[in-house]
Amino acid sequence: MALEEHPGTWTYDPEAKAAYVYLRGPIAEGGVARTVTMDEAMVNLDIDADGRVIGIEILAEWPGQ
């Protein structure tokens with residue numbers, strides 16, 4: 001299996017206390033086919049129509065906030 005490189009970026013919303021990690025660059029409107037909740041709703045995985053994880057939402061207060 002070969003490793004793939006993809007442009008990644010992240011954002012943090014202090015009001016929502018949520019970070020979002022974009023694994024394959026920006027996600028187009030309608031690009032998330034489904035969201036899978038992990039770890040008692042602290043982590044959500046966004047999955048595209050091909051079953052690939054394209055984003056990760058982490059619900060937690062940022063350190064030092």
Side-chain angles (χ1 to χ4, degrees):
M1 173 191 253
L3 294 177
E4 296 180 22
E5 288 190 33
H6 297 280
T9 187
W10 62 275
T11 59
Y12 180 72
D13 180 343
E15 285 186 33
K17 296 181 180 159
Y20 195 87
V21 180
Y22 298 85
L23 298 178
R24 296 179 171 265
I27 300 170
E29 188 170 330
V32 175
R34 67 186 174 113
T35 299
V36 177
T37 300
M38 309 291 291
D39 195 30
E40 299 180 22
M42 295 301 293
V43 175
N44 296 309
L45 304 178
D46 285 338
I47 309 214
D48 70 8
D50 295 322
R52 296 177 298 202
V53 176
I54 56 173
I56 303 169
E57 180 183 45
I58 304 164
L59 304 171
E61 189 168 351
W62 198 256
Q65 293 284 315

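A 4.5 Å side-chain heavy-atom check between Ile56 and Leu45 finds at least one atom pair inside the cut-off. Side-chain contact between Leu23 and Asp46: absent, with no pair of heavy atoms (C-beta onward) separated by less than 4.5 Å.
Judged as a side-chain hydrogen bond (donor to acceptor under 3.5 Å, both in side chains), the pairs with a partner in residues 22-33 (not counting sequence neighbours) are, in order, His6-Arg24.
Annotation: side chain to side chain donor-acceptor pair (under 3.5 Å) contacts of Asp48 (sequence neighbours excluded): Arg52. By the side chain to side chain contact (heavy atoms under 4.5 Å, CB included) test, Ala28 pairs with no residue at all, sequence neighbours left out.
Here the rule is side-chain contact (heavy atoms from CB on, under 4.5 Å) with Tyr20, and of Ile27, Thr9, Ile58 only Ile27 fits it.
Using a 4.5 Å cut-off between side-chain heavy atoms of Ile, Leu, Val, Met, Phe, Trp and Tyr, with links allowed through other members, Val43 and Ile47 fall into the same hydrophobic cluster.
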